[in-house]
2 protein chains.
Amino acid sequence: MGEGVKRDGDARRERWREHRAARRAEFVEAALKALDEHGPDLAMEHVAAAAGVTKPVLYRHFTDKADLFVALGQRGTEILFERLIPAINREEAPVPRIRKSLDAFFSVIEDHPNLYRMLARKAFNGRPVDSDPVREDKEMIAAALTSLLGDYMRALGLDSGAAEPWAYSIVGMVQTTGEWWLDRRSMTRDALVEYLTTIIWSAIDGFLRQHDIQIDPDKPIEINKVVQLRRAR
Amino acid sequence: MGEGVKRDGDARRERWREHRAARRAEFVEAALKALDEHGPDLAMEHVAAAAGVTKPVLYRHFTDKADLFVALGQRGTEILFERLIPAINREEAPVPRIRKSLDAFFSVIEDHPNLYRMLARKAFNGRPVDSDPVREDKEMIAAALTSLLGDYMRALGLDSGAAEPWAYSIVGMVQTTGEWWLDRRSMTRDALVEYLTTIIWSAIDGFLRQHDIQIDPDKPIEINKVVQLRRAR
DNA sequence: GGTAACTGTTACTTCAGGTAACACTAAAGG
DNA sequence: CCTTTAGTGTTACCTGAAGTAACAGTTACC
């Protein structure tokens with residue numbers, strides 16, 4: 001049939017596709033290096049330089065700064081999830097589970113402060129601020145949390161419509177305290193984690209008590225739910 | 001005594017100083033207009049145009065984009081506080097007090113969505129992202145809340161060191177849900193306010209119960225504390 | 001040995017932020 | 001009345017980072 005028209009590709013194509021992906025990843029790593037060196041105001045030229053090439057090469061792999069930014073956001077989410085997911089999915093009592101999740105988060109931003117600052121400040125220094133490329137990642141995180149909370153709420157017979165505001169509240173709270181902490185460092189990570197654990201647990205506990213449910217903070221709960229990630233990367 | 005050296009100024013100086021302040025305010029209003037027209041990506045040229053002049057005039061009153069940005073941040077805080085302070089200081093039961101404060105906040109950002117977006121995205125589209133000019137304002141808000149919460153905590157004999165993380169948590173939670181709500185509008189303002197009221201009250205209530213304190217959400221509390229604002233504008 | 005899919009370069013354009021230089025005006029005060 | 005002070009305003013430029021054009025290799029499959 002329609003053979004031979006556009007043959008040959010195939011085997012070759014595949015290899016190149018892999019290669020391109022690897023190259024993009026390489027630039028993302030270069031960007032991380034550049035962030036460490038030049039602070040959170042990332043310039044495309046620096047990224048290219050950190051990768052040992054000049055701008056146009058970089059631009060063959062990323063259509064624009066926003067594109068690189070998105071990739072950095074994804075990488076950031078990946079780094080975060082590597083530590084967060086095991087912590088949040090532990091079969092453990094609620095309070096230690098919260099504590100470990102928070103600690104995972106703060107340890108990640110401690111390790112990559114400039115990346116975090118750059119992503120939190122949606123600011124590229126460049127022109128087209130367009131519409132926030134990190135949004136997608138933040139929404140993914142919030143969505144994961146929404147569904148986790150929603151599962152629990154449904155299991156307990158509560159209004160699961162509240163799950164989304166709860167998720168965004170927690171994300172916002174952690175994000176903002178994160179920025180504040182990085183800039184000030186006015187307390188140790190452990191102390192901060194402890195305070196936030198208390199706040200979050202208080203919120204959950206208070207909420208449940210208002211619905212006449214009591215849960216022991218230090219005993220694993222029976223109906224244990226787990227974060228599902230839909231990563232269609 | 002040391003008279004006559006640099007006389008004459010004085011009366012004249014004062015008048016000019018007032019004039020300059022008025023002029024700055026005029027540009028801030030122009031910036032608000034420009035925000036409404038061109039969205040949250042504010043260009044200096046547009047601001048100047050909205051004020052009916054060209055850039056250099058604007059630059060005689062603001063050294064810098066950051067300078068204008070700071071002024072916008074202050075104006076924003078002012079607008080916010082106009083509605084927030086009366087709500088938060090009401091002599092009322094805790095829950096309605098929280099509810100009214102939240103409603104004040106969300107009504108403000110509903111009225112000035114682009115201003116809010118611009119301030120929340122610390123992003124200028126321009127070069128010198130420097131260090132966040134809105135930070136000061138956010139910190140002022142957080143500080144006010146810290147001292148309010150601290151007062152209550154001390155009055156109840158609790159660790160007031162937790163006040164600051166609580167304050168940043170609440171600020172962050174409200175800010176992030178604010179951005180999310182503006183972009184999505186997936187629920188009414190009232191519904192969102194109601195959810196957040198519940199979350200915050202749950203947190204407070206849970207926290208207090210853990211210290212064996214119970215407070216009626218619908219009765220004014222005896223030891224009523226109030227926000228002090230140190231506005232040295 | 002040709003060609004597809006890259007590697008890389010230097011030298012540009014574009015655009016927003018910011019500045020220089022120049023011309024004018026109102027009013028306080030000798 | 002005319003100078004000085006502190007403004008009003010303009011057009012034409014500089015700067016620096018984003019992004020592009022045009023051109024010159026290199027590799028490896030078929």
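Per chain, numbering begins at 1; letters A, B, ... match sequence-line order.
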Report the distance from atom [atom1] of [X] to atom [atom2] of [N], rounded to the nearest whole Å.
{"X": "A/Met44", "N": "C/dT13", "atom1": "CE", "atom2": "P", "result": "21 Å"}
{"X": "A/Tyr59", "N": "C/dC12", "atom1": "OH", "atom2": "P", "result": "19 Å"}
{"X": "A/Arg17", "N": "C/dC6", "atom1": "CZ", "atom2": "P", "result": "12 Å"}
{"X": "B/Leu42", "N": "C/dA16", "atom1": "CG", "atom2": "C1'", "result": "12 Å"}
{"X": "B/Glu45", "N": "C/dC15", "atom1": "CD", "atom2": "P", "result": "12 Å"}
{"X": "B/Asp64", "N": "C/dG17", "atom1": "CG", "atom2": "C1'", "result": "9 Å"}
{"X": "B/His19", "N": "D/dT5", "atom1": "NE2", "atom2": "P", "result": "19 Å"}
{"X": "B/Arg15", "N": "D/dA6", "atom1": "CZ", "atom2": "P", "result": "13 Å"}

Below 3.5 Å is the cut-off: list the nitrogen or oxygen pairs between protein and nucleotides 24-26 of chain C, distance only.
none

- Task: Please determine if A/Arg185 forms a cation-pi arrangement with A/Trp181, meaning its NZ or CZ atom is less than 6.0 Å from the six-membered ring centre and no more than 45° off the ring axis.
- Result: yes
- Item | Close approaches to DNA chain D from residues 46-58 of chain A, in residue order (heavy atom, under 4.0 Å) | A/Lys55, A/Pro56
- For DNA chain D, find the residues of residues 21-29 of chain A with a heavy-atom distance under 4.0 Å and give them by number; none if there aren't any. none
- Query: What heavy-atom pair brings A/Met44 and A/Leu58 nearest, and what distance separates the two atoms?
  - Reply: O-CD2, 3.5 Å
- Where do B/Leu102 and B/Ile200 land on the side chain to side chain contact (heavy atoms under 4.5 Å, CB included) test, with the steps shown first? CA-CA 10 Å; B/Leu102 288 172; B/Ile200 291 177; 4.2 Å; yes
- side chain to side chain donor-acceptor pair (under 3.5 Å) pairs touching residues 20-29 of chain A, sequence neighbours excluded, are A/Arg23-A/Glu26, A/Arg24-A/Asp67, A/Glu29-A/Arg75
- Hits for side chain to side chain donor-acceptor pair (under 3.5 Å) against A/Arg83, two or more places apart or cross-chain, chain-then-number order -> A/Ser107, A/Asp111
- Output all residues satisfying side chain to side chain donor-acceptor pair (under 3.5 Å) with A/Asn114, sequence neighbours left out; order by chain, then residue number. none
- Message: Let me confirm one number: the OG-CH2 distance from A/Ser169 to B/Trp180, rounded to the nearest 0.5 Å.
- Response: 8.5 Å
- Query: B/Arg60 near the nucleic acid: base, sugar-phosphate alone, or nothing, with a heavy-atom cut-off under 4.0 Å?
  - Reply: base
- Message: Assess whether a salt bridge exists between A/Arg117 and A/Glu179, defined as any Lys/Arg side-chain N lying under 4.0 Å from an Asp/Glu carboxylate O.
- Response: no
- Message: Classify the ring geometry of B/Phe62 against B/Phe27: parallel below 30°, tilted from 30° to 60°, perpendicular beyond 60°.
- Response: perpendicular
- Message: When you measure from the side chain of B/Thr177 to the backbone of B/Val174, do you find a donor-acceptor pair of N or O atoms at a distance under 3.5 Å?
- Response: yes
- Stepwise side chain to side chain contact (heavy atoms under 4.5 Å, CB included) test for B/Phe69 and B/Leu42: CA-CA 10 Å; B/Phe69 211 84; B/Leu42 196 55; over 6 Å; no
